[in-house]
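The structure presented is a predicted model; accordingly, all values stated were derived computationally and were not measured.
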Amino acid sequence: MPATLSSPARPGTRLWTTVAVVHSPWHRRRGRVASAGVTSTVPATRRPSTTDLLAAVVSAVPGGVARPGQVQMAEAASEAIRTGEHLLVQAGTGTGKSLAYLVPALLHGIAQNRGPVMVSTATLALQAQLVESDLPRLADAAEPLLGRRPTFAVLKGRHHYACLARLDAGTEEPEPDLFGDSGSGGQWLGQAGRIGKQVVRVREWAERSRTGDRDELDPGVDDQVWRSVSMPARECVGAQRCPFGDDCFAEASRVRARSADIVVTNHSLLAVDMMSGRHILPPHEVLVVDEAHELADRVTSAARAELSPDAIDRATRRIRSIVDGGVVERLTEAADGLAIALGSVTRPGRLVELPPEVRDAVSLAQAAGRAAVNAIGEVKADDPDPVRKQQGKSTVLTLAEVAERLLDCSPHDVIWVEGGGQPGHERPGLHVAPLSVAGLFASLLYQDRTVIATSATLALGGRFDTVAIGLGLNTAYGRTPATNDVRPDPPTGERTGKVPKPTRSTQPFLVESDDESADPPEWRALDVGSPFDYAKQGILYVAAQLPRPTQSGLSDPAADELVRLVGALGGRTLGLFSSRRAAERAAEVVRSRTDLVVYLQGDEALPILVRKFKAERESCLFGVMSLWQGVDVPGDACQLVVIDRLPFPRPDEPLAAARSAAVDAGGGSGFAAVSVPVAAVRLAQGVGRLVRASSDRGVVAVLDPRLHTARSYGGFLRDSLPPFWYTTNREVVHGALTRLAST
């Protein structure tokens, strides 16, 4: 019988206990939770300096060379950790920023032995790069210098791990979300279709897996299937009351994280940790936020909630077997009432206040949800099925709390109607999200830890102010280098204007902390540049002769220009479009007028399309927003990036519209304070797809003349981009593409 680490161990100790026997096919025989390592302090005499360890790691990289920006960033991160002053670092593509923050983070972790250093990312791609490449390389290089091998772990939300309790119960009754009202045990056992086979495959995989991590399941399964075999944190009964608690995959991941030197997590879990009292992530003193430009959006998503007739129906199905018929009837009536009330709303969009009929329906849902919570009562360890009871209680409790939030109608929240109106779509529902998360950041992000936030796009318009305010930092308490205040104009063209420097008066929705007595955190900003020579490696071409783009998709003049550009190069084009309609129109035009292969996002899984695009030189890859960041195609497979229009948020996006309105009401310009910075980040991410290595060459073509002609914001957007050679001359660009095609 295996031994299991039952609780967080003090440094240098192990706490062991005997696993209780669980009479179930899911009883683990490997002692999964006992696999955690032990953290120990390395004597100061054995610790290398930041620059020495960084040099050792870089020398271990094939073709690795010292990069001044990387060294500068590593030294700044080390100083920030030492002094406790928070740090914002803009590090361009090719800087090697991952190692620049991992090296000082590791040295701090092994020196202080006060918990791991946390690293939070926005994308799975970066998380995989850290865990599969950067951290193993760092561990290899550091081991001979430190006298022991550094440890690292990945920590994700509970829903990323298979739940043994749900897998065990899955043979008895299907998940209501998966099979709807008609599900029954016999129907579940008799499933011979694709979904049933996937569930069986997950169960067999879970028997062999040591982590239960969905990302290690290959091939993967449908989202519906995974929801039926995983457990959201709020629905978890807890390890002490679950019969599978000693062997829980999610609990094992937390044990490994507590004893590691570096823990990699994600922005969503970081957000949940902040909003739940900081008890989910292991205690730590240093937090590195990579892809920091995504943090506010991810936290906003984590704080978003929904109340819909379909959500109430799902909650009703989940508790039907554990409450009496009266409670079920009240929930059914609440779902019907909400559907009728939302049907009276003329169209989806923001609600400044709830219409009377909608408010009455939400009140009915709130009362029904609370009645269901009371009917379920306390979840006890000796209940016949505590797991299912906790799931049901959590679902109806969430329903009641969301209804109460909607009824409160706080000025700090934005409420809107979304969904419905099309065959196959769920009925309309109410959504609510915070107007701003800057106050949350100011109160919780920087408390009792040093934060190092980094990205390739933090200095918008050449300044850090906009991003700093959005992250809850008061610009009066920050230090920015003089080199960031003014960027040189492009080699060609003239600066056409700047968006005014953001202030609290122009962005009143970006509030400070609720605790007015708290001292604002001190912070420093640093732009370490990029090792790439952008002015020699790339051209930024703005098609200033084209008409202003319309909302209807790709115009005929823009389509003609696209064909000329793609034809001059002979493919090798990544097309980033503002709408699905524009991308489809572009694909149709290029396919009809050229012999090039055009891959369109949505035709196949994105990783497959990217792989085909890399392999086929005479091809194009066209897509929408998810292609604007995270796609990495170095070399001559991608030498032309085409952007159809400036990526301003849609005027009917409820959050963006509400934030703009708040700024306008405060006497500022909502467009300048909200829409332009959003466009700057998106545009910089898209433009950044071109140059991914020092040998890359190519052109970024923007088919929106406003980047050149708009005097109020054109210069601000251009100053947010890498300093490519800039031109509006069509013939110069076509000649450059033709020369690229012949080399």
Side-chain angles (χ1 to χ4, degrees), residues 26 28 32-33 35-36 116 118-132 135 152-170 175 177-178 198-199 201-239 242 244-245 247-258 260 262-276 279-282 289-291 294-295 298-299 301-304 387 390-391 394 398 605 607 630:
W26 296 105
R28 317 313 297 176
R32 174 187 310 112
V33 185
S35 61
M118 301 300 303
V119 178
S120 180
T121 73
T123 62
L124 290 176
L126 178 56
Q127 191 173 84
Q129 175 192 316
L130 291 173
V131 174
E132 297 170 10
L135 283 167
F152 55 89
V154 179
L155 186 60
K156 304 176 183 178
R158 284 188 177 271
H159 63 283
H160 282 279
Y161 302 94
C163 173
L164 300 180
R166 298 205 71 179
L167 283 167
D168 185 66
E175 165 60 37
D177 287 358
L178 193 62
Q198 287 186 15
V199 173
R201 182 159 56 82
V202 173
R203 297 182 78 248
E204 294 173 347
W205 164 79
E207 274 286 296
R208 304 186 305 270
S209 176
R210 293 193 63 84
T211 67
D213 187 339
R214 182 183 184 181
D215 292 336
E216 297 180 11
L217 176 61
D218 185 20
V221 296
D222 294 348
D223 289 343
Q224 282 186 324
V225 173
W226 189 258
R227 282 197 298 270
S228 76
V229 299
S230 61
M231 182 74 72
R234 186 159 184 172
E235 297 178 12
C236 179
V237 72
C242 178
F244 304 93
D247 295 307
C248 175
F249 287 121
E251 286 296 318
S253 72
R254 297 181 72 174
V255 170
R256 289 191 293 270
R258 284 193 292 265
I262 296 176
V263 176
V264 180
T265 187
N266 56 72
H267 291 355
S268 297
L269 192 59
L270 174 63
V272 173
D273 182 63
M274 284 194 296
M275 294 185 289
S276 59
H279 70 271
I280 295 176
L281 300 180
V289 181
D290 204 338
E291 301 175 308
E294 290 271 1
L295 184 60
R298 298 303 173 94
V299 174
S301 296
R304 175 174 168 172
V387 174
Q390 176 62 32
Q391 284 182 282
S394 171
T398 299

Q) Please walk me through it: do R298 and L270 pass side-chain contact (heavy atoms from CB on, under 4.5 Å)? A) CA-CA 9 Å; R298 298 303 173 94; L270 174 63; over 6 Å; no
Q. When you look at F152 and V263, which way does the side-chain contact (heavy atoms from CB on, under 4.5 Å) test go after all the steps?
A. CA-CA 6 Å; F152 55 89; V263 176; over 6 Å; no
Q) Quick one: which of L135, D290, L126 gives a side-chain contact (heavy atoms from CB on, under 4.5 Å) with V264? A) L135
Shortest non-hydrogen contact from [X] toward [Y]:
X    : Y    : result
P282 : P116 : CB-CG, 4.0 Å
V299 : M274 : CG2-CE, 4.1 Å
E294 : A122 : CB-CB, 3.6 Å
M231 : V387 : CE-CG1, 3.5 Å

Tell me whether [X] contacts the main-chain N or O of [Y] through its side chain, where contact means a donor paired with an acceptor under 3.5 Å.
X    : Y    : result
Y161 : K156 : yes
N266 : T121 : no
R208 : E204 : yes
S228 : V225 : yes

Kindly compute the distance separating [atom1] ([X]) from [atom2] ([Y]), expressed to the nearest 0.5 Å.
X    : Y    : atom1 : atom2 : value
S268 : D273 : OG    : CG    : 12.5 Å
H160 : S230 : NE2   : OG    : 9.5 Å
L217 : R214 : CG    : CZ    : 8.0 Å
S253 : D213 : OG    : CG    : 8.5 Å

Q: Go through the structure and list residues passing side chain to side chain contact (heavy atoms under 4.5 Å, CB included) with R254, not counting sequence neighbours.
A: L155, R158, E251, R258
Q: Report the residues that fulfil side chain to side chain contact (heavy atoms under 4.5 Å, CB included) with A162, sequence neighbours left out, ordered by chain and then residue number.
A: L167, W205, W226, F249
Q: Report yes or no: do S120 and H267 form a side-chain donor-acceptor pair below 3.5 Å?
A: yes
Q. Do T123 and E291 have side-chain atoms, one donor and one acceptor, less than 3.5 Å apart?
A. yes
Q: Just do the side-chain contact (heavy atoms from CB on, under 4.5 Å) check on H159 and R227 with the steps written out, would you?
A: CA-CA 8 Å; H159 63 283; R227 282 197 298 270; over 6 Å; no
**Q.** Residue pair T265, V154: steps toward the side-chain contact (heavy atoms from CB on, under 4.5 Å) verdict
**A.** CA-CA 6 Å; T265 187; V154 179; over 6 Å; no
